[in-house]
Amino acid sequence: MASKPSRTPLIIAIVVIVAIVAAALGYYIYTSKPAATPSPSPTPTKVKIEKVVIGVVQPLTGPYAIFGREAVDAARLVVDIINNELGGVRSLGGAKLDIVVEDAGTSPESARLAAEKLISQYHVPIIYGAYISRFTMAMGTVTEQNKVILVTDALVDDLANQGWMYFFRVAPRASAHGVSAVDFVMDMAKKYNVTIRTAVIINEDSVFGTTVSNGAHLQLVKYGVEVSSHITYPYDITDMSPIIDQIKRLNPDIIIAVPYFSDGVLFAKTAKAAGLNPKFIAGAGACGFTDPDSIKAAGDAVLYYTNTYSYNPAKPTEWNSKLVSEFMRRYGKMPTEAAGEVFYSFFTIYEALEKAGQMFPDDPLNPDHLRQAFLSLDLNESNSIAAQLYPTGRIKFAPNGENLYAGTAVLQVQLINGTLTPVVVWPQPQEGVQPVFPRPGS
Amino acid sequence: MSVGGLLVAVLQQVIDGVFLGLFYAIVASGLALIFGVMDIINFAHGDLVMISAYFVWLISTYLNIDPLLSMLLVLPVLFVLGLAIQKGLINPVLGKEPLIQIAVTVGLGFVLQNIALGYFKAEPRGYPNPVFSEGLSIGPFVIYESKLLSAAVSVLVLFLLDQFLSRTRLGLAMRAVTDDRSSAMLMGINVERVYLLTFAIGMVLVGVASGLWMEMGQVWPYLGTSFSLVSWVAVALAGLGSIRGLAVSAVIIGIAESMGSLISPSVKMAVVYLIFFFILWFKPRGFFAKR
Amino acid sequence: MTRLLELRRVNAGYGEFKVLHDVSLYVDKGEIVAVVGPNGAGKTTLLRTIMGYTTLYSGSVVFKSADISGKRVHERVALGLTMVPEGRGIFPNLTVEENLLAGAYLERDKSKVRERLELVYSIFPRLKERRGQLAGSLSGGEAQMLALGRGLMTSPELLLVDEMSLGLAPKVVLALFDLVVKLNKEYGLTMLVVEQHVKNALEISSRGYVLENGRVVLEGDGRSLLSNEMLKKAYLIY
Amino acid sequence: MTRSTLLSIALFQAALLAVGFLVSGNNYYMLLLTQVALFAAFVAAWNIIGGLTGQLDLASSAYMALGGIVTSLLWMRLGLPPVVGVWVGGAVAAGLAVLIGIPTFRFGVREVWYALMTASLVVILNNLFRYFMGPWDFYLPNKWGWLYLRPRTYFELFIIVDVVLLAVILVNIYISGSKIGYYLRNIKEDELVSEAVGVDTRLYKLIALAIYSFITGAAGFLQVVIYSSFSYRLFDAGLAISIAIMGIIGGLGSISGAIAAAVVFRALGEYLRSTLGGVIPGLDLLLYGVALIVVGILKPEGLAGLFNQLRRWWRK
Amino acid sequence: MSAPDVVLRVENVTKRFGGVVALNDVTLSVGRGEIVGLIGPNGSGKTTLFNCITGVYKPDKGRVFFMGRDITGLQPHEVAKLGIARTWQKVRPFRNLTVLEAVTTGALLRTDSVEEARKTAVEVLELIGLPREEWGRLGSEITLMEHKLVDLARALATGPKLLLLDEIAAGLRPHEQERLAEVIKKVWSDRGLTIVVVEHVMRFVMSLSKRVVVLHEGRVIAEGPPEEVASNPRVIEAYLGIKPV
């Protein structure tokens, strides 16, 4: 304390710091050249591949955990089926699939860390995730840099426009949901001879909600429907009545809604209370309308609501029925689209691995080989399980990684044997079901 | 929009805002009471509402009864929970630095949120068909039963609270402690016991708020964050020591939020918080503080 | 005469800061005892120690022949001991009547509370006039009356009064002193008063203590203390 | 600056760089280390307003996001390289802080109300940005290099962050030993006494606020670099609270404590997330909450108190 | 007294708090180099007067002049900058600063260099006679007497022309009070200061000042040499009690 400090320690300290920094940089520059691309070749050539580890990054905590949890459940189921019933990847000598799950947390930062961890610790060749688009965006920069295949269940359109080489998306992109919702409504209107002149669009204001609703908006304009208002709100809204009141004053023919979850239930309940009864209310990417838990929470407020779905749980194919019943047996509930996306995405990965084993027996897990295998896939219901699970029944990738045959199904909540059940009504209604259009009593 | 149409729109928003505000009043009342008596900065208030809403939901679905009824069953549980939280967490940090109190209550909020997440999962939980779920159309206006009910119950409970605080022995003791802790001891008031009961009663108010909420909406683990800051804004606007002031302040906030919705629901909270800024700048003790 | 309160070699203070050194004093039933002394002498600390607000390092506080050193403030009040604090400590956001009712917190019998309230109102008719008013809006003299009245509502056997006349006009102070005497004579209330109006205080007291620097430097009956040179020295310059 | 402070900084740097290198082969640890260091830098900057001056500021992420977004936009829209842009970003953040600080300090908003006010500032900016810029994520251009403070490798990024952290620590130490620091610590102790010895308390609180918000705003761009995109979500009330809490848990005013808290809790959080997040959802955050409660109740003087105890014990 | 010799002049200052009139039309002057005692019973408005002079409160009426300049309504730090320093009646402890740091803060008013300020602080501390080993202690570790000395040192370090001491001797033991009085005298002669000493008890003031002003109920009731004032019946009455009317 007090008196003037001598300069010696200052000089020593600076010298030490400079020396350490210099040494660190020197060492780094010396070592980084060869290790600049720490090539993930965990499986040397011609060595029998025991198992292929697929990384799964999903939000398991925070507000987005709902679907992340289900996706992980579904992934475990699919992997078990592939390993036990299909005998693993046959072209890789029956190599088993394995998954490593990482929590994407609540921010892109943690999602990115999760991806880094999977790559650095487990040297995974493929990562599946991460449902939230901006999480996937953060992961994409990592997977690209490390040449790891990223198969995503995030739907925002932008992801496919990043010029990424190792990116694939089987699931229908966000704007396709909006388009499908409008197509469905207009299709029905034509079929049942209902005139539709005006519409109101409401959406939660995330990137996903906005992209979907913009898709719907453009499509409505294409059909010549007047959009009287396009309302956005935050997903954690606790009071819907001001919005419903506004809509009621506008009195539109139809409402296209893109809610997230609890806001969807809140919308339906408030709309019912307000006596808001347009000719039709169609959801797009709206889990809050047709998800079993939402139906449980909303009760008959969501009766006759529809929703576009990335997955068609009622698709009458052998494998689809099998997976749905397996899922129900194991987890006691219907798979929602989070699980559905995993179903077809994982079987697509499986097909790609088979293909890679056939095309590049020497080094099938090389990222560029894997990429070529993915791009060479052309799956339909007769040649693959994956396509049997997919709404449109076809999977083929464009060079930007987007599925050329992407499309959605439409579910409607109907009263079946006294229980509210989501049933598929579009493109083809499921067995014994007819779409209800327009809303009764409107 | 025509002038008449606009007028209807604005009036409808005012009606919605008043109801919302009265609901906010009941949400904030527990916080105001606890903050007034104990001077504790509770950042977990909204999360307490959230956890209590889960209790209400559990009982509602298990017994298949209306949330308002199950709320009555939840209240004693919350009372006991309040005693425990006060004894275990709040008492040790009373009179400590505000930041320490914030740290501990934020920690409590984390714990509650993640217990809810782990146990109830992230899906929204709600009672599908509450008794009061319709709307009444009066001329061009819509009155929502559930909101009307929540406003009415809120007014009733706040009235009872006001009566409790002014007429009962314990209520008087609580107000005495709010005003002057050290003098209160000279009246033979056991201040620590008053603290315990205050927190417990605060939790009962939280329970009422959560029951009313479940009549209107659903609960999910992060519901609480929506309520915490709003409650603080209401308390700031009202100042301490007046239940009526709190009700009026909360209504002002409700109307502001509802009007903000006319601009865009995405920015309505910004409107509320801007009001908060101006209150703090120009009326730092609140509009209704007696002091 | 029975001994109501006794302090035996009390050392007390706040945290690590010791204020009182070996203070011994007693109060008998029916007495008015005055404690006088310059600012910072520890008079308020003395009262706060009797009430149990401070840290007691050693010595004991005995009330009605029981050692109450370990008891908390509100427990001491329940035994019949209370204080009218310096600065009055009234509850500004409560009405006058509510303040008084708060004083009767420990009395559960409503009719007794009523009785006491009537008694206080008869002693302080002014308070009755203002019963519905917020205590924060009272004038200084009224507030002091309220503080005294509130103290009486606890039905104490010993009332400690701290700097009752602080910041009050002389007329009001005189009236208050009259009241104190009246309380003592007519209602038999025992009191320990800390006062800056030394002369008036000692005149009405049976005994007095002079405190300086946390120590009792003088004690004796009121009048003899008043004529003691040392007292004057403690206060002024003689 | 005393010998022991210098030595401890040198040791800290040596340790940090040594760890940096040890993990330089593993991108996961490298990125984690970078994030921890950046977080520590934010906490250290907060220490100026919170620890030294005693103002409960909960707007850290507001300044961080504002600075980061301004820097990014200057780069993307006007082509101003971030090496220059960060200074503007910092200045904008500081400008806003001062603009709000003037009436706030003028009208004597303090303690819990100051905390709530700053917390709501984050929400207001979040809402306004969402209103005017939409929900979109804006991606940084595909340009890399030191000019853009956006190196290709994590090690280089780590070096940049480390330099920032070192700079913030040195600023802290410099301020502590300067007139400003003396004044700020006096304001924290007692504003009235400070005024009486000639401290213009409002002015110096503003200065502290400006320095803190400038550093936070300038360093905010690095957060954007780590995300490689930005959106209104950068205005994150939870992050701001956790930065302040690290400062508290570290022991108010103790820079070593603040940094230790940031490192320990951030690393602990990541460890819990990566080990438990997938097992039971929320268990990691639950334990984090428990840790906050335990530290708050049992060790309210923070880690600095623990350090002091250790130091005393060591000397004995 | 001619104007240039008047360091402080308080003119007709009135200050109310709610309904209570704390200062009622107070007028007084302090000449250069004087030590003036300001006494009066508790609650007579002494501290309020200090607060009005130093800018903590703004008087409702009246003006305050310092060296001929109107300083009414200035901020406390502006007043300090002009050269008025004060100490505090109630100890306001600085828990996390050392003695030297606290005093150095005072000295920083006249310089931007911490080194220089520390030198000033050292000089002041030496002048006051606080032993060197106390300088590194935290405010939470020192005794009341030391606190009073540090308070004085901190005020002195700001380089004031006028020093206001608010009940600085309260709570001290007689021998400590004597020592403190010595220190104040030393400081006064060494620095050529003007000092106003607020005291409840006149004894302490006696040894210091040639002139005392007595405040009672917010008014000046007497003024003059201490002996004279002490025998003034109005003063005695104010102190010892009120005669029944």
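Throughout, protein chains are lettered first and strands after them, A, B, ... in sequence-line order, and every chain is numbered starting at 1.
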Sub-4.5 Å side-chain heavy-atom contact between A:L155 and A:H177: yes
Trace of the side-chain contact (heavy atoms from CB on, under 4.5 Å) decision for A:Y331 with A:R76: CA-CA 11 Å; A:Y331 302 113; A:R76 292 193 204 285; 4.1 Å; yes
Aromatic ring proximity A:Y260/A:Y235, centre distance under 6.0 Å: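 Distance test on ring centres: under 6.0 Å, yes.
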Pair A:F261 and A:F67, ring centroids less than 6.0 Å apart: yes
Option that, when pairs with chain A are counted at under 4.5 Å, heavy atom only, ranks first among D:S231, D:S228, D:G238: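 Greatest number of close heavy-atom pairs with chain A: D:S228.
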NZ on A:K333 to CG on A:D73, rounded to 0.5 Å: 7.0 Å
From D:L17 atom CG to D:L22 atom CG, the distance as rounded to the nearest 0.5 Å: 11.0 Å
Trace of the side-chain contact (heavy atoms from CB on, under 4.5 Å) decision for D:F42 with D:T216: CA-CA 6 Å; D:F42 286 128; D:T216 309; 3.8 Å; yes
Contacting region of A:A111 [heavy-atom separation from chain D under 4.5 Å]: neither
Interface moiety of A:T232 toward chain D, non-hydrogen atoms closer than 4.5 Å: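 Interface part for A:T232: neither.
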Check against side-chain contact (heavy atoms from CB on, under 4.5 Å), A:L60 and A:V101: CA-CA 10 Å; A:L60 303 173; A:V101 180; 3.8 Å; yes
Ring geometry between D:F129 and D:F235 (parallel below 30°, tilted from 30 to 60°, perpendicular above 60°):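 D:F235 and D:F129: tilted rings.
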Residue-level interface, residues 209-217 of chain A with chain D, non-hydrogen cut-off under 4.5 Å: A:T210, A:T211, A:N214
Step-by-step side-chain contact (heavy atoms from CB on, under 4.5 Å) determination, D:I226 to D:L222: CA-CA 6 Å; D:I226 289 181; D:L222 293 173; 5.8 Å; no
Heavy-atom pair count under 4.5 Å with chain D, highest-scoring of A:A138, A:A114, A:G105: A:A114
Sidechain-backbone polar pair: D:R266 side chain, D:F39 backbone, donor-acceptor under 3.5 Å: no
Positions in residues 31-38 of chain D that reach chain A, provided some heavy atom is under 4.5 Å away: D:L31, D:L32, D:Q35
